[in-house]
Amino acid sequence: MARTPKQPPAPKAKSASRPAAAKPKAGQKRSTRSSSVAPPSQKAELDAAVDKLARRFTHNREKAGEYGRESALSPAEGAHADTPDLIAASTVSEANRGDKTGSRAGSGDSPGSASLDRVRTDAQGQRLTTNQGVAIADNQNSLKAGMRGPALLKDFILREKITHFDHERIPERIVHARGSGAHGFFEAYDSLRAITRAAPFARAGKITPVFVRFSTVAGERGSKDTARDVRGFAVKFYTDEGNWDLVGNNIPVFFIQDAMKFPDLVHAVKPEPHHAMPQAASAHDTFWDFVSLMPESTHMLMWVMSDRAIPRSYRMMQGFGVHTFRLVNEDGEATLCKFHWAPKLGTHSLTWDEAVKISGCDPDYHRRDLWEAIESGAYPEYELSVQLFSEAQAAKFSFDVLDSTKIVPEELVPLTPVGRLVLNRNPDNFFAETEQVAFCAAHVVPGIDFTNDPLLAGRIHSYVDTQLSRLGGPNFHEIPINAPVAPVQNNQRDGLHRQAIHRGRVAYEPNSLGGGCPFQAGAAGFVSFPEPVRADELRAKPEKFAEHYNQATLFYASQSPIEKAHIIAAFRFELSKVMVPAIRARVVSMLANVAPDLAAGVADGLGIKVPDAMPRAIARTPRAEVKQSPTLSLLARPGELGIQTRKIAVLVAPGVEAVSLRKVGDRLVAAGATVRLVGPRVGPIALSDGSVVEAEASLENEPSVLFDALVLPDGEAAVARLASDGRVAEYIKDQYRHCKPILVVGASRSLLEGIGASTVLADGSEDAGIVLATSKELPDAVERFVEAIAAHRHWQRETDRPLV
Ligand code: HDE
C-alpha cells in the first residue's frame with residue numbers, strides 16, 4: 001500500500017511535566033505518618049483531564065506509516081503528548097504517602113535501571129529477622145512442647161527457614177554451567193560512528209559498564225576448572241541504549257554449522273546417559289562417535305585438542321564473537337564484522353599433566369585466579385578488535401562467512417583495535433550475580449545486527465527460552481544483574497516474580513488515555529538491517545559449507561612444533577579413552593585429511609595404522625587463500641606485562657640462608673609477581689640469621705602445580721631438611737616436567753640433581769629455564785630468572801615421554 005507522507009507526531013511530553021517525587025534517599029528515615037489524603041475533587045479533575053487528553057488523539061496518525069519499505073527503514077516516532085501526573089497514576093489515592101508505598105512514582109523512571117546499590121544489602125549492626133521482617137528471638141532452637149518434647153507445626157520461623165533452604169537451588173545452565181564472573185568497564189578508543197551507531201563506540205573514551213562471565217562448557221556446576229574444554233567468554237555491555245551481550249568463546253569457531261545439531265552435540269559430549277560419566281570431559285566414546293560423523297567439526301577439534309583448551313587463566317585467553325555480525329551506521333549502511341578479545345597478559349596455557357593434577361588440588365583454579373587478581377588490584381584487561389569487511393569481499397572468500405566452523409584469517413582481513421575491557425570489581429554475591437546473570441545472543445542494540453549464520457539463528461531463540469526454566473519465568477530481565485541501565489518501559493505485564501509496580505491503567509499501545517506513552521521510538525530505536533531475502537524455503541546448506549578441512553590444515557600448519565606435539569598428544573589421550581576401535585580409526589581417517597604427520601602421530605600413539613582418509617563431502621576442494629597464519633599460535637602473544645601476577649613458590653625450611661632469600665623475594669615482588677613461602681608445614685620458620693619468617697603454604701596444601709615458577713633456596717640445614725621429605729622431590733619434578741623456570745641457589749643444587757633433572761637440553765644447549773647460582777651471584781641470576789618466568793614455559797625441555 002502506498003505510504004502517505006509522515007505526519008508530525010502529536011506534541012511531546014515535556015520532561016518536567018510533573019513535580020519531582022519526594023523520594024527519601026537511602027538510609028534516610030521516612031515519616032511514619034501519612035502526609036495527605038486525596039481531596040474528593042481530584043476524581044472529577046481526573047475525569048476531565050482524561051477526556052481532554054483523549055481528545056488530542058483524534059485518530060491514529062501513525063497508521064499510514066506502518067506500510068511500505070520507507071517506513072520499515074525509518075519508522076516514525078509514536079504519537080505522544082504531555083500526560084498530567086494525575087492521569088499517569090493508577091489511583092487518586094496514590095497521593096497518600098506511606099512508609100512502604102513511598103510517594104508517587106518518579107516521572108517516567110524505571111527504577112530497575114538504577115545502579116545495583118538499590119538492592120545491595122548489608123547486615124552489619126542489624127538483627128536477625130524472618131522474611132517478613134519479624135525479629136527472631138532465638139535462632140538456636142526449634143519450638144517444642146517441653147524441652148524433650150515434639151517440635152510444633154506452628155513454628156513458622158523454623159518452617160520458613162527450612163522451606164527457603166529447600167528451594168535454594170535453581171537449575172544449572174544446560175551448557176556452560178560452571179563459570180566465574182566479574183564487573184568492569186569497556187572503554188572505546190575512538191568513535192566508530194562511521195561504521196556503527198552502537199552506543200559503546202559512540203566517542204573516544206566512552207565508558208560502558210560490563211559484567212563478564214567466563215565458563216567451561218561440558219562440566220556440571222561443581223566441576224573442575226581445568227578440564228580440556230572450550231571456555232565461554234560472555235560480556236554484557238550495559239549500554240545507554242540497552243543491553244548488548246557479546247556471548248562468545250575463547251575459540252573462534254564452533255563444532256557445527258547449524259543450530260539443528262546443537263542438542264546432538266551437547267548430548268554427545270555430556271556424561272553418557274546410562275551411568276553419568278565422565279564428568280567435564282570429552283574423552284569418551286559418544287563425543288568422538290558424534291564428531292567423527294560430523295566432519296565439519298574437524299577445524300574446531302584442532303583448537304580443542306590444542307593448548308587453548310587448557311588455559312593457564314581466564315586472564316590469559318582470547319575471546320571471540322565467533323559468528324559474523326553486522327555493524328550498521330546511522331545511514332543504515334552495514335559492514336560485516338568479527339569480534340576478537342586479546343588479553344594484555346598474553347595467551348598462556350597449562351600442560352595436560354599439570355591440568356589433571358590441578359583439578360585434584362584446586363578445582364577452583366581459574367575462579368580463584370580471577371578473584372585474587374581483582375582483589376589484589378591486578379585488573380585483567382583485554383583489547384577488543386574487529387575485523388571489518390564487506391559482503392562483496394566475503395563473497396570472494398573460498399569459505400562462507402556464515403559458516404561458524406570458519407575463521408576469517410587475519411591475512412585476509414586485519415584486526416582493528418577499538419577499545420579495552422577492564423575487570424575491576426568482584427561480585428558481591430555469586431548467586432545473585434554470576435549465577436543469575438542471563439546472557440542472550442539476541443540482546444543487541446541499535447548499530448549491531450545479525451547475519452544469517454544458521455547457528456546464530458538458533459542461539460537467538462535459545463537463550464531467552466532457557467532462562468524461562470532456569471530463572472523461573474519471563475521477568476528475569478528484572479533481576480538486578482540483568483536489568484539494563486537504559487530505561488525499560490513497555491506494556492509487558494505480570495508473570496512470575498514481577499518486580500516493577502506499574503502505575504496507571506494503560507498497558508497497551510496505541511492509547512490516548514496514557515498520552516500515547518510509552519510510544520514507539522521510531523528511527524531512534526532498533527531498526528533491523530533490511531537484508532533482501534528472495535529464496536525457496538528449504539533445509540540445506542550452501543556448497544561452500546561442504547569444505548571441512550582447509551582451515552583445520554591452516555590451524556595445524558600455523559602451530560609451533562611443541563604445539564603440534566601437544567595436539568597429537570591430546571588426540572592420543574582422548575582417543576585412548578574411546579573404547580570402540582572403529583571410532584578411533586574413524587577419527588584418524590578424518591585427521592588424514594588435515595595433515596599426514598598429525599594422522600601418523602595419532603595413529604602411532606594408538607598402535608594402529610593410518611586408515612584411508614575419510615571421503616570428502618565435496619568433489620573439488622577450493623584452494624585456501626592462506627596457508628600459514630602465525631597469530632593462530634598461542635606463542636604469538638606473550639603479553640606485555642612480564643611476570644606480573646605470576647605465582648612463585650619459594651621452598652623454605654629451618655636454616656634457610658636469610659640474605660639470599662630476601663634478595664630473591666624482594667626482586668620478584670618488585671617485578672609484580674606473587675611470592676609464597678612454602679614450608680614442610682605452615683607457620684614460623686627460623687632463618688640462618690635467627691630471624692623468623694612465616695610459611696604461608698605447605699608442601700601438602702599448595703602443591704607445585706599451582707605455581708608458575710620455583711625457587712630452591714640456599715642453606716645447608718634447610719636443604720638437608722627438604723631432602724628428607726619425599727614430597728620435595730615431587731615438588732621439583734612437577735615444576736621441571738611442566739617446563740617451568742626454577743632458580744636453584746647454592747646448596748639446593750643437590751635437590752635438583754636428586755630428581756635426575758638435567759640443566760642441559762637434548763641439543764646440548766643450556767636450559768634457560770633453570771638458573772643455577774651461588775648466593776653471591778644472586779642479583780644477576782635473579783634477573784635471568786625474571787626473564788625465564790616472563791617466557792612462561794621452557795618447552796625445549798619437554799620430551800613426549802617425560803625423562804623425569
Ligand atoms: Fe551457547 N548456550 N549455544 N554458544 N553459550 C548457552 O544459555 C546455544 C554457542 C555460549 O556465561 C545457554 O544461558 C545454542 C556458540 C556461552 O551464562 C543456551 C547454540 C557460542 C554461554 C545456549 C549455542 C556459545 C552459552 C545455556 C547452537 C560461542 C554461557 C545457558 C546454536 C559463540 C553464557 C544459557 C553464560 C550458554 C544455547 C552455541 C557461547 C542453552 C542453541 C557458537 C559463552 O541457551
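Ligands are counted one by one from 1 in listed order, and the atoms in each one are counted from 1 as well. Given the structure is predicted, the values throughout are model-derived calculations rather than measurements.
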Practice problem: Please report which non-hydrogen protein atom sits nearest to atom 34 (C) of ligand 1, along with the residue it belongs to and the distance in Å to one decimal place. | Solution: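 Sorting protein heavy atoms by distance from atom 34 (C) of ligand 1 puts Thr466 CG2, 3.4 Å first.
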Practice problem: Just let me know how Leu455 lines up against ligand 1, side chain, backbone, both or neither, with a heavy-atom cut-off below 4.0 Å. | Solution: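 Answer for Leu455: both.
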Practice problem: Answer yes when Asp369 and Arg312 have at least one side-chain N-carboxylate O distance shorter than 4.0 Å, and no when they do not. | Solution: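 Salt bridge flag = yes for Arg312 with Asp369.
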Exercise. Could you list which atoms of ligand 1 come closer than 4.0 Å to a heavy atom of Gln467?
Key: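 Listed by number with element, the hits are 13 (O), 34 (C).
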Practice problem: Apply side chain to side chain donor-acceptor pair (under 3.5 Å) to the pair Glu531 and Asn452, showing each step before the final yes or no. | Solution: CA-CA 9 Å; Glu531 188 173 9; Asn452 290 332; 3.2 Å; yes
Practice problem: Between Arg213, His323, Lys261, flag the one that comes closest to atom 35 (C) of ligand 1 by a heavy atom. | Solution: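 Checking each option, the heavy atom nearest atom 35 (C) of ligand 1 is found in Arg213.
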Practice problem: Indicate yes or no: does an N/O atom of Asn249 lie under 3.5 Å from an N/O atom of ligand 1? | Solution: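 Such a contact does not occur with ligand 1.
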Quiz item: Is there a ring pair (Phe, Tyr, Trp, His ring centres under 6.0 Å) between Phe186 and Phe201 once you walk through the steps?
Solution: CA-CA 10 Å; Phe186 174 78; Phe201 310 110; 5.6 Å; yes
Quiz item: Hey, mind stepping through Arg326 and Glu391 against salt bridge (Lys or Arg N to Asp or Glu O under 4.0 Å) and telling me if it holds?
Solution: CA-CA 10 Å; Arg326 213 185 289 275; Glu391 295 266 11; 2.9 Å; yes
Exercise. Indicate yes or no: does Asp465 engage Arg470 in a salt bridge with an N to O separation below 4.0 Å.
Key: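 No.
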Quiz item: How long is the gap from CD on Glu435 to CZ on Arg221, to the nearest 0.5 Å?
Solution: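 The CZ atom of Arg221 is 4.5 Å from CD of Glu435, to the nearest 0.5 Å.
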Self-check item: Any His461 heavy atom less than 4.0 Å to ligand 1
Solution: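 Judged by the 4.0 Å heavy-atom criterion, His461 does not count as contacting ligand 1.
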Quiz prompt | Polar atom proximity, Arg173 to ligand 1 (N or O, under 3.5 Å) | solution =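 Min N/O separation from ligand 1 is below 3.5 Å for Arg173.
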Self-check item: Close-contact set for ligand 1 against Val322 heavy atoms, below 4.0 Å
Solution: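 Every atom of ligand 1 under 4.0 Å from some heavy atom of Val322: 28 (C), 32 (C).
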Self-check item: Environment of atom 1 (Fe) of ligand 1 in terms of protein N/O/S atoms, cut-off under 2.8 Å
Solution: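 Listed by chain and number: Tyr463 OH.
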Self-check item: Verdict with reasoning, Ser282 to Glu574, per side chain to side chain donor-acceptor pair (under 3.5 Å)
Solution: CA-CA 7 Å; Ser282 53; Glu574 295 267 320; 2.7 Å; yes
Quiz item: What are the atoms of ligand 1, with element, lying closer than 4.0 Å to any heavy atom of Ala259?
Solution: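 Near Ala259, meaning under 4.0 Å from one of its heavy atoms, ligand 1 has 31 (C).
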Quiz item: Is Gly248 in contact with ligand 1, taking contact as a heavy-atom separation below 4.0 Å?
Solution: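 Yes.
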Quiz item: Quick one: do Arg367 and Asp225 make a salt bridge, cutoff under 4.0 Å?
Solution: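 Result for this pair is no, no salt bridge flagged.
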Quiz item: Less than 4.0 Å between a side-chain N and a carboxylate O, is that true for Arg178 and Asp229?
Solution: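 Arg178 and Asp229: not salt-bridged.
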I'd like a table of donor-acceptor pairs (distance under 3.5 Å, sequence neighbours excluded) in which one partner is a side-chain atom from residues 246-253, with atom names and distances.
from	atom 1	to	atom 2	distance (Å)
Asn250	OD1	Arg231	N	2.9
Asn250	ND2	Arg308	O	3.1

Exercise. Quick one: do Arg420 and Glu187 satisfy salt bridge (Lys or Arg N to Asp or Glu O under 4.0 Å)? Show the steps, please.
Key: CA-CA 5 Å; Arg420 67 184 188 122; Glu187 181 180 11; 2.9 Å; yes
